[in-house]
Amino acid sequence: DVTQALLTMARGSTRSKDVNEITKQVIAEIVAEEYAERNITNDPLSLYVQGNEFQKGDKLYKEKKKMPTIGSWYKRLQKKAVENKNPDYSFHYSYLLKVMKQYIREYNGQMAYFDGQSTFELLDGVPFINLDISQLEERFARPLAQQILLSWIWEKYVKKNSEDRKKAAKKRVIVDEAWMLLPYPEAVDFLNTMARRARKRNVSLAIISQRFQDFYEKPEAQAVLTS
């Protein structure tokens with residue numbers, strides 16, 4: 001999911017055709033290295049610092065590890081670009097260094113608000129949570145934020161709901177202005193995945209759009225309509 005979001009960032013609002021499977025491979029390799037360096041695996045317990053538990057009221061909490069950011073990913077990209085000896089990869093390193101700089105806080109990138117640790121936690125038992133991104137630029141920043149939020153919601157809200165079947169509640173994820181995601185293949189793919197798999201976790205997906213025809217005419221988005 002992280003790789004898919006970074007791929008959308010790399011394509012940019014122009015949806016550059018210079019981005020291909022090699023670009024994706026470069027992105028994925030660096031993402032994997034970022035998580036491996038922090039010993040974060042598929043095991044949920046690997047997200048926490050071992051032995052750093054603390055009491056807060058009547059509950060016992062674990063300290064979460066610092067997660068990779070776009071900034072840390074970009075630093076590793078810079079390093080690997082210098083070390084690269086594969087001519088097939090050279091263009092893609094150069095391309096990524098150029099287009100991804102706008103997302104990096106260290107360089108005061110115009111979209112550096114995507115670079116940082118997540119500080120927001122979904123509250124258990126709250127009947128309705130609204131994540132408002134309406135103030136973001138509509139052409140690219142908003143659909144990119146939609147994709148990132150959907151990935152975050154999948155991990156924090158959908159998957160978590162099925163961890164304990166006895167406590168699982170019926171929940172719904174509502175995506176407003178979902179048509180904005182349609183030009184971005186990785187975003188559409190993730191929307192399809194959520195539409196198909198959320199049901200198994202007692203969660204339904206609803207999309208709100210004034211442009212139903214766009215979904216109907218796009219074969220890649222059919223899973224959204226049929227699920």
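- Nearest heavy atom pair, residue Leu96 against residue Tyr74, reads O-CE1, 4.1 Å.
- Heavy-atom minimum distance, Ala141 versus Phe114: O-CZ, 3.8 Å.
- For the pair Tyr35 and Val2, the minimum side-chain heavy-atom distance is below 4.5 Å.
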Task: Worked check of side-chain contact (heavy atoms from CB on, under 4.5 Å) between Ile208 and Val175 - done: CA-CA 6 Å; Ile208 301 174; Val175 185; over 6 Å; no

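- Between the Gln4 side chain and the Phe190 main chain, no donor and acceptor come within less than 3.5 Å of each other.
- A distance of 12.5 Å separates CG of Asn202 from CZ of Arg199, quoted to the nearest 0.5 Å.
- Annotation: Lys65, atom NZ; neighbour count of heavy atoms from other residues, nucleotides and ligands within 6.0 Å is above 12.
- A 6.0 Å sphere centred on CZ of Phe91 holds more than 12 heavy atoms belonging to other residues, nucleotides or ligands.
- Considering only heavy atoms from C-beta on, Thr8 stays 4.5 Å or farther from Ile148 through its side chain.
- Between Met111 and Phe140 the shortest side-chain heavy-atom distance falls below 4.5 Å.
- The heavy-atom pair separating Ala221 from Phe215 by the smallest distance is CB-CD2, 4.0 Å.
- Counting only residues at least two apart or in different chains, salt bridge (Lys or Arg N to Asp or Glu O under 4.0 Å) contacts with residues 174-198 comprise Arg11-Glu186.
- Atom CZ in Arg76 sits 12.0 Å away from atom CD in Glu29 (nearest 0.5 Å).
- Just one of Asp18, Asn86, Thr23, Asn84 meets the side chain to side chain donor-acceptor pair (under 3.5 Å) condition when paired with His92; it is Thr23.
- Residue Met9 holds its CE atom at 8.5 Å from CD of Gln147, rounded to the nearest 0.5 Å.
- Distance check, rounded to the nearest 0.5 Å: CG of Leu149 to NZ of Lys156 gives 13.0 Å.
- Looking at heavy atoms from C-beta onward, Tyr95 lies out of side-chain contact with Met100 at the 4.5 angstrom threshold.
- Heavy-atom minimum distance, Val188 versus Leu181: CG2-O, 3.5 Å.
- Tyr103 has its ring centre no less than 6.0 Å from the ring centre of Tyr113.
- Counting non-hydrogen atoms of other residues, nucleotides and ligands closer than 6.0 Å to CD of Glu83 gives a total above 12.
- Crowding of Glu217 atom CD: a count of heavy atoms from other residues, nucleotides or ligands under 6.0 Å exceeding 12.
- Considering all non-hydrogen atoms of both residues, Ile27 and Ala10 come closest at CD1-CB, 4.4 Å.
- Both Tyr107 and Trp73 belong to a common hydrophobic cluster when Ile, Leu, Val, Met, Phe, Trp and Tyr are linked at side-chain heavy-atom distances under 4.5 angstrom.
- Val203 is not listed as a side-chain neighbour of Arg172, based on a closest heavy-atom distance of 4.5 Å or more.
- Looking at every heavy atom in both residues, Tyr89 comes nearest to Gln25 through OH-CG, 3.4 Å.
- Judged by distance alone, with hydrogens and angles left aside, the side-chain atoms of Asp214 form no donor-acceptor pair with the main-chain N or O of Trp179 at under 3.5 Å.
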Task: Verdict with reasoning, Val49 to Lys62, per side-chain contact (heavy atoms from CB on, under 4.5 Å) - done: CA-CA 7 Å; Val49 178; Lys62 296 179 180 179; over 6 Å; no

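- Hydrophobic clustering keeps Leu191 apart from Ile174 (ILVMFWY residues linked when any side-chain heavy atoms are closer than 4.5 Å, directly or through intermediates).
- Looking at heavy atoms from C-beta onward, Val26 lies in side-chain contact with Leu77 at the 4.5 angstrom threshold.
- Side-chain contact between Arg105 and Thr69 is absent, with no heavy-atom pair separated by less than 4.5 Å.
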- [ ] Let me see the working for Tyr93 and Val82 under side-chain contact (heavy atoms from CB on, under 4.5 Å), right down to the final yes or no.
- [x] CA-CA 9 Å; Tyr93 277 115; Val82 172; over 6 Å; no

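- From Leu131, atom CG reaches atom OH of Tyr157 across 10.0 Å, with rounding to the nearest 0.5 Å.
- Within the model, atoms CD1 of Ile133 and CD of Glu138 stand 10.5 Å from one another, a figure rounded to the nearest 0.5 Å.
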- [ ] Could you please spell out the steps behind the side-chain contact (heavy atoms from CB on, under 4.5 Å) verdict for Arg201 and Lys171?
- [x] CA-CA 9 Å; Arg201 301 176 186 272; Lys171 295 184 177 182; over 6 Å; no

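- Contact check for Ser72 versus Arg38: side-chain heavy atoms found under the 4.5 Å cut-off.
- The pair Arg142-Glu137 does not count as a salt bridge, with every side-chain nitrogen at least 4.0 angstrom from each carboxylate oxygen.
- Results of the side chain to side chain contact (heavy atoms under 4.5 Å, CB included) test with Thr41 over Asn39, Asp43, Leu45 single out Asp43 as the only residue that passes.
- For the pair Asn192 (side chain) and Ala195 (backbone), a donor-acceptor distance under 3.5 Å is absent.
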